[in-house]
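Everything on this sheet refers to the single structure shown next.
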Amino acid sequence: MVSALLTPGESLPKAPLIPHLDKMVHVGLFAVLTFLWSRVGVSKPDKRIKKVKFFTNYLVFGIIFAILIEYLQRFVPNRTFGFDDIAANIVGGTIGIICLYILHKRKSALV
């Protein structure tokens, strides 16, 4: 999943001409990435969320990683840096962490 974010532009599959499809892909990738990574180790044995780890995971994967990936794309052929992509990444990370929180509160088997 992460390798797709740093793949040279000419190696990416041709996407259909759907407006803002690239932003939807950014949101989806970061939602899944943040959800999966943040669920690692956020629960205590008594099934309460470790708040510090929960927010640290969000900060690292929902925000810092979102910015870092866009910065690194500057150095990948046929990829560009964009503040709109950073915003889409952060929105995706936020969606992922919110889904984790909601599912944890509902005691879902997914978390």
TODO: Take Lys23 and Asp85 through the side-chain contact (heavy atoms from CB on, under 4.5 Å) test and state the conclusion after the steps.
DONE: CA-CA 6 Å; Lys23 302 307 175 258; Asp85 288 343; 2.7 Å; yes
* Asked: Can you hop from Phe35 to Ile95 via hydrophobic side chains spaced under 4.5 Å?
  -> no
So CD of Gln73 and CG of Leu68: to nearest 0.5 Å the spacing works out to 10.5 Å
Only residue of Leu29, Asp22, Val27 satisfying side-chain contact (heavy atoms from CB on, under 4.5 Å) with Val25 is Leu29
Path from Ile69 to Val91 over hydrophobic side-chain contacts below 4.5 Å: no
On a heavy-atom basis, the closest approach of Tyr58 and Ser38 is N-OG, 4.3 Å
One should read off an interatomic distance between Thr34 OG1 and Ile98 CD1, to the nearest 0.5 angstrom, of 11.0 Å
- [ ] Could you tell me whether the side chain of Leu72 reaches within less than 4.5 Å of the side chain of Val76, counting heavy atoms only?
- [x] no
Exercise. Could you check Asn89 against Phe65 for side-chain contact (heavy atoms from CB on, under 4.5 Å), going step by step and ending with a plain yes or no?
Key: CA-CA 9 Å; Asn89 295 349; Phe65 190 67; over 6 Å; no
Separation between NE2 (His104) and CD1 (Ile102), nearest 0.5 Å, reads 13.0 Å
Evaluate Phe30 against Thr94 for side-chain contact (heavy atoms from CB on, under 4.5 Å), listing each step before the verdict. CA-CA 8 Å; Phe30 273 82; Thr94 303; over 6 Å; no
d(Ile86 CD1, Ile63 CD1) to nearest 0.5 Å is 11.5 Å
Within a radius of less than 6.0 Å around OH of Tyr101, do more than 12 heavy atoms belonging to other residues, nucleotides or ligands occur? no
What one should report as the nearest heavy-atom pair of Ile90 and Ala66 is CG1-CB, 3.9 Å
Heavy atoms from other residues, nucleotides or ligands near CZ of Phe75 exceed 12 (cutoff 6.0 Å): yes
### Task
Tell me, with the steps shown, if Phe81 and Glu70 meet side-chain contact (heavy atoms from CB on, under 4.5 Å).
CA-CA 5 Å; Phe81 172 89; Glu70 281 307 309; 4.1 Å; yes
